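Have a look at the structure below, then the notes.
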Amino acid sequence: MRKNIIMGNWKMHFTIEETEEFLNSLLPKVKNAKTEVVVCPPFTSLALSSNILKGSNVKLGAQNVHFEEKGAFTGEISPNMLKNLGVSYIIIGHSERRMYFGETDETVNKKIHMCLKHKFNPVLCVGESLEEKESNNMEKVLTRQIEKAFFNISEEDAKKVVIAYEPIWAIGTGKTATSFDADNIISFIRKVISGIYNKEVSENIVMLYGGSVKPNTIKEQMSMENIDGALVGGASIVVEDFERIVNF
Ligand code: 13P
């Protein structure tokens with residue numbers, strides 16, 4: 001049985017004060033959640049979040065990590081810095097990082113290796129642009145992103161990776177993929193994983209859908225065979241929305 005995970009990616013939102021207010025309001029509302037609940041605050045709010053989440057059922061995630069242990073990398077955050085804060089999950093290769101911050105399939109692979117070495121669960125984001133979808137290149141793009149991300153990752157480690165399918169055209173646009181389409185594509189992703197490893201690995205990997213997930217879309221999405229959870233952006237920073245998504 002695969003785990004169900006509802007994960008909130010706060011992106012570049014929330015000061016320390018806003019973080020405290022949000023989490024204090026959220027925690028009592030999601031304490032009986034049936035899925036794993038994860039919040040991914042910006043780096044500046046991780047330490048505070050870590051303290052507030054202690055003893056709760058909500059896990060802590062980070063939005064990025066550097067692929068080296070330490071050194072002269074101005075502005076970067078190392079795996080050990082995150083380990084110290086009680087981070088469990090790290091989002092890797094989000095399309096916004098690929099688009100605006102030069103993240104490549106190669107850096108994504110290095111970061112996944114680093115996450116696994118430090119016993120984090122990497123949350124690998126993959127997804128096609130509208131242009132790639134319309135030119136029928138979606139499967140090719142997804143296959144490339146996955147094969148490169150899993151390069152030289154052992155079978156045992158592969159099972160610890162969470163994959164988030166986030167079509168770029170659905171992020172922040174209000175245009176969510178239909179549950180049927182998302183399920184089909186995630187089923188395709190399982191086939192790619194099965195081709196790299198085997199069926200057992202592909203059936204063990206937790207796979208999320210992300211892209212305009214809202215309280216009114218989550219129930220159907222969660223009822224699909226291949227979708228194990230959601231990576232939520234905009235709706236994850238509104239207490240009422242995130243609560244309704246978690247308690248779908
Ligand atoms: P939205 O839910 O705002 O579309 O964002 C999705 C996302 O990018 C989560 O990582």
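Every number for a ligand or one of its atoms is a count from 1 in the order of the listing. Worth saying up front: this structure is predicted, and the values here are computed from it rather than measured. The figures that follow rest on heavy atoms only: side chains count, while hydrogens, waters and symmetry mates do not.
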Side-chain atoms of residues 231-242: list all donor-acceptor pairs with protein atoms under 3.5 Å, sequence neighbours left out, distances to 0.1 Å.
residue: Ser236; atom: OG; partner: Val232; partner atom: O; Å: 3.3
residue: Ser236; atom: OG; partner: Gly233; partner atom: O; Å: 2.8

Who are the side chain to side chain contact (heavy atoms under 4.5 Å, CB included) partners of Ile77, not counting sequence neighbours?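 Checked Ile77 against side chain to side chain contact (heavy atoms under 4.5 Å, CB included); matches are Phe43, Met81, Leu82.
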Is the NZ or CZ atom of Lys175 positioned over Trp169's six-membered ring, under 6.0 angstrom from the centre and within 45° of the axis?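 Not satisfied by the 6.0 Å and 45° rule.
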By side chain to side chain donor-acceptor pair (under 3.5 Å) - contacts of Asn137 (at least two apart): Ser135
Would you call the rings of Phe22 and Phe14 parallel, tilted or perpendicular if under 30° counts as parallel and over 60° as perpendicular? tilted
Kindly assign one of parallel, tilted or perpendicular to the pair Tyr197 and Phe150, based on the angle between their ring planes and the thresholds 30° and 60°. perpendicular
Enumerate, one pair per line, all nitrogen or oxygen atoms of ligand 1 lying under 3.5 Å from a protein nitrogen or oxygen, stating the separation to 0.1 Å; write 'none' if no such pair exists.
residue: ligand 1; atom: 2 (O); partner: Ser212; partner atom: N; Å: 3.4
residue: ligand 1; atom: 2 (O); partner: Gly233; partner atom: N; Å: 2.9
residue: ligand 1; atom: 3 (O); partner: Gly234; partner atom: N; Å: 2.8
residue: ligand 1; atom: 4 (O); partner: Gly172; partner atom: N; Å: 2.6
residue: ligand 1; atom: 4 (O); partner: Ser212; partner atom: N; Å: 2.7
residue: ligand 1; atom: 5 (O); partner: Lys11; partner atom: NZ; Å: 3.3
residue: ligand 1; atom: 8 (O); partner: Lys11; partner atom: NZ; Å: 2.8
residue: ligand 1; atom: 8 (O); partner: His94; partner atom: NE2; Å: 2.8
residue: ligand 1; atom: 8 (O); partner: Glu166; partner atom: OE1; Å: 3.4
residue: ligand 1; atom: 10 (O); partner: Asn9; partner atom: ND2; Å: 3.0
residue: ligand 1; atom: 10 (O); partner: His94; partner atom: NE2; Å: 2.9
residue: ligand 1; atom: 10 (O); partner: Glu166; partner atom: OE1; Å: 3.2
residue: ligand 1; atom: 10 (O); partner: Glu166; partner atom: OE2; Å: 3.0

